[in-house]
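Note: hydrogens, waters and symmetry copies are ignored here, and every other heavy atom, side chains too, is used. In what follows, chains are A, B, ... by sequence order, proteins preceding strands, each numbered from 1.
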There are 2 protein chains.
Amino acid sequence: MTLHPEERLLALLRDTADPWEVAGRARVPFPVLVGMLRDLEERGLVRSRPGRLTLTPAGRKHAPRTVALDSRALAALKRRYLRLVAQRPHATDAYDQGHLTVDSLMGRLREMARFGDLVEGARFAIMGDDDLLSIALALTGAPAQIAVFEIDERLTAFIADLAERHSLPIEVHTHDLRKALPARHRGAYDVFVCDPSETRAGLRMFVGRGLSALAPGPGSVGYFGVTLVESDYEKWRELQAWLTAQPVVLSAVIPEQGFYDNWPTQLEEARAYGHPAFTRAARAPWYRSALWRLETLAGFEPRNPRPLPGDPIADEHYFAIASKERR
Amino acid sequence: MTLHPEERLLALLRDTADPWEVAGRARVPFPVLVGMLRDLEERGLVRSRPGRLTLTPAGRKHAPRTVALDSRALAALKRRYLRLVAQRPHATDAYDQGHLTVDSLMGRLREMARFGDLVEGARFAIMGDDDLLSIALALTGAPAQIAVFEIDERLTAFIADLAERHSLPIEVHTHDLRKALPARHRGAYDVFVCDPSETRAGLRMFVGRGLSALAPGPGSVGYFGVTLVESDYEKWRELQAWLTAQPVVLSAVIPEQGFYDNWPTQLEEARAYGHPAFTRAARAPWYRSALWRLETLAGFEPRNPRPLPGDPIADEHYFAIASKERR
């Protein structure tokens, strides 16, 4: 399974026969699209008539199926997810945790579905999974394989247990992402997802490990959340410059896509700043991140990132990390 | 009027007294926010109590007002806009035109409002205005000044006439963007907006001219649409690498934000490719762009961009441009 333009185009043709809609959604320039269509017609996979594009029976066999998530499907998914993860371990600041609200997690799946990334048979690598995204992803039925790399044994045990009891295609690796992925995972995935620690070293480490897991060549995908509560726009710019110096494009930066549940130590962390306004607990989720989506381009090669100096997962909580970096 | 973090924070405090909501929406790291709040308190502009942040009377005087656009306000704006632009000139392929649907234009204003960029007193520069965004922006009541730089005299005459009859704060300059902006416009604006031609030279020219209009230092903003119908992701990557090599960050890349009205010559242009499916007129808008938002950072200086070789506004229609670039 790959996510290259041709497979994406075939998948799109399961969805619509309207050539103009295909041209709008194919995410390749019009002349390239016409060339791809001609090629698929010659290979007997696509048939075209005036105002109409359809898959042939052979085309239907080749075309990847993608999962579409309308609000109804998402609501059902949310109920199943909540039932499964009811006994999840609490977030711990030992690993800079804090997880997405369930609605934001569902919103993230909806974005993946909109991009056509929930392709049946796709291989997902998740770098750190305190969101338990692996469970939600598995419930969509799309992924052939979901590999979780997570340092917290409470989480890896919890996910492994759920995966076994419910026959979910998840494999769990208790792994410290400060270390490179084992060689057999390098370049072995179509999509990575992570929610990085936001020290400079942490961002490079999480996103870099994610990139090291992606298949070489164009069309692989990465999703991750970046905040402006811990990072600033200068740090965003550095990350963007680092990424786009590689054969990697930012295909989306969606502001405020993810909101996070308030975590138990939050008030204590804020109080450390001694500001009088921040002395009462938050009534609603306020900590939020933008969802970034990257796509690899021709020439992409999975490499292990060079580590940056500093401890990417500091022992201190994030408020302290942020204040330390400022000085 | 500037759009620096401090003004944005004061504007935000008009909207909410909840410190956590402020922390989530301020778009600066938490420790920076606390420092800014302390400073504003010392200057008598902000008062803080447990769980509450408010503007003092002096603070209310200093705090910029921003326009909020809920669906009701947007619907009213849309009616007024449609009434005013009913007699607009038709799109012409002489200048690679084609304009946003009115709903997408309203959606673009909503994004600007969400970002807090519809600040009363702000100065907007619009590089090419076949969308007649200048009219819609003026109707929000926010901008103190809107400068339109547009090559098509049919449009500049139409906009100037509307501006005069309805006392809108729009000044219109018939200007070929292949030439630098007149010196007095360099660095004179808070926000630029454009919908670039998507040849490589065109992207650099439109976005580069936009940057040359922005005030030096951090906090100025640019909005522009980029498609995947004419551009490909490699071109996106090049533009992203070029931008983030400067003190400029991509604060948003919102896929499929803008849909464009079908234009009269579309079918003829598509037919030039000789593909049988594209021989009937599109029934609905299909041509779409992602909305990019950039923000300038510390050290930003408005400069005139070095022109790239090639004619950024080719005489041919965009399908032909796209096919020419591919070869």
Side-chain angles (χ1 to χ4, degrees), chain A residues 18-24 26-32 34 37-38 48-53 114-115 218 228-234 236-237 240-241 244-245 247-255 270 273 275-280 282-284 286-288 290 295 297-298 319 322-323 326, chain B residues 18-21 23-24 26-32 34 37-38 48-53 114-115 218 228-234 236-237 240-241 244-245 247-255 270 273 275-280 282-288 290 295 297-298 319 322-323 326:
Chain A
D18 178 343
W20 296 106
E21 193 184 337
V22 170
R27 302 210 296 268
V28 293
F30 189 83
V32 176
V34 170
L37 286 171
R38 287 216 173 98
S48 65
R49 279 172 290 164
R52 211 171 154 70
L53 283 168
R114 270 190 198 150
F115 262 103
L228 290 165
V229 178
E230 293 178 68
S231 295
D232 61 14
Y233 273 142
E234 179 56 32
W236 278 40
R237 187 195 68 76
Q240 292 174 349
T244 59
V248 162
V249 67
L250 283 168
S251 52
V253 176
I254 305 169
Y273 285 88
H275 191 280
F278 294 96
T279 48
R280 295 199 178 163
R283 281 182 301 254
W286 63 277
Y287 183 93
R288 65 197 73 188
E295 198 166 313
L297 301 175
F319 279 138
S323 72
R326 291 265 115 208
Chain B
D18 178 343
W20 295 106
E21 193 183 338
R27 302 210 296 267
V28 292
F30 189 84
V32 176
V34 170
L37 287 171
R38 288 216 172 95
S48 67
R49 279 171 290 164
R52 214 172 150 71
L53 283 168
R114 271 191 197 150
F115 263 102
L228 290 166
V229 178
E230 292 179 68
S231 294
D232 61 14
Y233 273 140
E234 178 56 34
W236 278 40
R237 187 195 67 76
Q240 291 173 349
T244 59
V248 162
V249 68
L250 283 168
S251 52
V253 176
I254 305 170
Y273 284 88
H275 191 279
F278 295 96
T279 47
R280 295 200 180 161
R283 282 181 300 253
W286 63 278
Y287 185 92
R288 65 199 72 189
E295 198 166 313
L297 301 175
F319 277 138
S323 73
R326 292 264 115 206

Pick from [options]: which one has the most heavy-atom pairs with chain B under 4.5 Å?
| options | value |
| --- | --- |
| A:Arg49, A:Arg38, A:Glu21, A:His275 | A:His275 |
| A:Ala26, A:Ala282, A:Pro255, A:Ala241 | A:Ala282 |
| A:Leu250, A:Val28, A:Val34, A:Leu53 | A:Leu250 |

Contact part of B:Pro218 toward chain A, heavy-atom cut-off under 4.5 Å: side chain, backbone, both or neither?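 Neither part; nothing is under 4.5 Å.
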
Locate the shortest heavy-atom distance separating B:Pro19 from A:Phe278; write the atom from each residue and the value.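 Of all heavy-atom pairs spanning B:Pro19 and A:Phe278, the closest is O-CE2, 3.3 Å.
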
Could you tell me which portion of A:Ala277 (side chain, backbone, both or neither) has an atom closer than 4.5 angstrom to a non-hydrogen atom of chain B?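 Answer is both: backbone and side chain atoms of A:Ala277 are under 4.5 Å from chain B.
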
Would you please indicate yes or no on a ring centroid separation below 6.0 angstrom for A:Tyr287 and B:Trp20?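 Ring centres of A:Tyr287 and B:Trp20 not closer than 6.0 Å.
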
Would you check if B:Pro50 and A:Arg280 make a side-chain contact, meaning some heavy-atom pair closer than 4.5 Å?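 When only atoms from C-beta onward are counted, A:Arg280 and B:Pro50 do touch, with a gap below 4.5 Å.
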
Output all residues satisfying side-chain hydrogen bond (donor to acceptor under 3.5 Å, both in side chains) with B:Gln240, sequence neighbours left out; order by chain, then residue number.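 Listed in chain order: nothing, the list is empty.
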
Atom OH of B:Tyr233 and atom OG of A:Ser251: how far apart are they, to the nearest 0.5 Å?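 Those atoms lie 4.5 Å apart.
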
If you round to the nearest 0.5 Å, how far is CH2 of B:Trp236 from OG1 of A:Thr244?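 If we round to the nearest 0.5 Å, A:Thr244:OG1 and B:Trp236:CH2 are 13.5 Å apart.
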
Under a 4.5 Å cutoff for heavy-atom pairs, which residue among B:Leu37, B:Val248, B:Leu297 has the most contacts with chain A?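 That would be B:Leu297.
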
SB check A:Asp232 B:Arg27 (cutoff 4.0 Å):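 A salt bridge is absent here (no side-chain N lies under 4.0 Å from a carboxylate O).
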
